[in-house]
Amino acid sequence: MKRLILLLFLLISIGVNSQDFEKDLHEIVKSESRAAQGRMAYKANLNTQNYDVTYHKLEFTIDPSIASISGVVTTHFVAKEEMTQVTFDLTDNMIVSQVLQGGNALGFTQNTDDELVITLSSTLSQNNTGIVEITYSGTPESTGFDSFEIGTHSGDPVLWTLSEPYGAKDWWPCKQDLNDKIDSIDIHITTPLNNSQSEEYVAVSNGLEQSQVINGSNKTTHFKHQYPIPAYLVAIAATNYEVYSHTVTNNGNPFEIVNYVYPESLATAQASTPVTVDIMNLFSDLFEEYPYSN
């Protein structure tokens with residue numbers, strides 16, 4: 001969909017005539033549909049098909065200078081059939097230390113098929129909701145388009161994730177299936193407050209920032225995302241970002257476009273990004289006011 005919108009904007013901006021526009025748009029939609037169907041039909045884990053994920057609370061602890069992560073992932077899921085076990089995708093080098101259900105410890109195993117198999121405390125009936133809390137840690141392997149990476153920019157540490165299409169399991173326990181979108185997520189990212197140069201770390205994730213809480217030398221940033229999202233699009237990043245915004249009026253319903261950029265790129269970014277306001281206004285005229293309902 002993102003590519004479709006960008007291509008649509010390109011066709012509009014170069015001024016194609018109406019007949020060519022309709023033809024090109026039709027071809028783009030067909031191409032995107034074929035590509036999406038191919039991705040959704042590939043690599044779905046049959047052992048995760050008996051439930052639907054509805055919610056994740058993701059609590060991650062990271063340091064942008066270290067290629068590791070620890071976390072607690074709380075998952076709400078609805079049974080599609082009777083269940084005595086629930087299976088999540090997680091690369092086998094990540095170490096699960098505890099699984100809880102209602103505060104009680106559950107039995108679990110990890111296998112070489114990159115599965116975390118959890119035995120529930122009792123049989124979960126069809127259409128009922130189960131909740132499990134998984135505590136884990138490790139040094140993620142990086143697959144695909146660098147699913148979990150650390151690096152530097154101008155000497156400053158940076159950590160980011162890019163899990164498309166099947167790299168989410170490299171760094172958190174999930175259901176890695178493009179057909180099952182999570183209804184909503186809360187992401188809590190704990191980082192050191194500052195880097196070695198006493199520059200403040202800024203953590204970023206999906207959705208809207210809700211809060212920042214400082215606890216000693218650490219800071220926890222909370223983001224909330226309330227639209228359907230597949231596991232591979234859940235993402236985090238942290239470095240000494242500079243943060244600035246543009247405001248879109250959206251016919252009396254203003255919202256912010258928040259930009260997170262490297263300090264060395266700030267001047268260039270501030271000169272380049274104001275056009276995003278015009279783009280969002282155009283999309284509002286062509287489709288409907290943001291956030292779009294479809």
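Just the heavy atoms: all of them, side chains too, but no hydrogens, waters or symmetry mates, feed the values below. Numbers for residues simply follow the sequence, beginning at 1. Bear in mind that the values here come from a model prediction, so they are computed numbers and not experimental data.
Partner Glu115 forms a side chain to side chain donor-acceptor pair (under 3.5 Å) with one of Thr48, Asn45, Thr87 and no other, that one being Asn45. Exactly one of Val99, Leu58, Leu90 qualifies for a side-chain contact (heavy atoms from CB on, under 4.5 Å) with Pro173. That residue is Leu90. With respect to Phe88, the side-chain contact (heavy atoms from CB on, under 4.5 Å) criterion is satisfied by exactly one of Tyr51, Phe108, Trp172: Tyr51.
Taken from CG in Asp114 to CG in Asn93, the straight-line distance is 8.0 Å, to the nearest 0.5 Å. Rounding to the nearest 0.5 angstrom, the gap separating the CD atom in Gln210 from the CZ atom in Phe223 is 9.0 Å. Thr239 contributes atom OG1, which lies 11.5 Å from atom CD1 of Ile150 (distance to the nearest 0.5 angstrom). Separation of atoms CD (Gln126) and CE (Met83) is listed at 11.5 Å; rounding is to 0.5 Å. How far CD1 of Ile189 is from OH of Tyr201: 14.0 Å, rounded to the nearest 0.5 Å.
Classification of the Tyr262-Tyr241 ring pair by plane angle, with boundaries at 30° and 60°, yields parallel.
The aromatic ring centroids of Phe60 and Trp171 lie less than 6.0 Å from each other. The distance between the ring centers of Phe255 and Tyr290 falls below 6.0 angstrom.
In this structure, Tyr55 is not a member of the same hydrophobic cluster as Val132, with clusters built from ILVMFWY side-chain heavy atoms closer than 4.5 Å. Side-chain heavy atoms closer than 4.5 Å link hydrophobic residues (I, L, V, M, F, W, Y) into clusters, and following such links, possibly through other members, connects Val243 to Ile236. Leu100 and Val73 sit in two unconnected hydrophobic clusters of ILVMFWY residues. Membership requires side-chain heavy atoms under 4.5 Å apart, directly or through other members.
In the model, Thr247 has a side-chain atom that pairs as donor or acceptor with a side-chain atom of Glu256 under 3.5 Å. A side-chain N or O of Gln101 and one of Ser121 form a donor-acceptor pair less than 3.5 Å apart.
Under a cut-off of 6.0 angstrom, the local environment of CG in Leu193 is crowded, with over 12 non-hydrogen atoms contributed by other residues, nucleotides or ligands.
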Can you check side chain to side chain contact (heavy atoms under 4.5 Å, CB included) on Phe148 and Thr143, steps first, answer last? CA-CA 8 Å; Phe148 186 98; Thr143 62; over 6 Å; no
Would you please test Ile69 and Thr61 for side chain to side chain contact (heavy atoms under 4.5 Å, CB included) and show each step? CA-CA 6 Å; Ile69 187 170; Thr61 298; over 6 Å; no
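Remark: Lys175 fails to qualify as a cation-pi partner of Phe77 under the 6.0 Å distance and 45° angle criteria applied to the six-membered ring.
Ion pairing of Glu209 with Lys224 is absent here, as no side-chain N (NZ or NE/NH1/NH2) approaches a carboxylate O to less than 4.0 Å.
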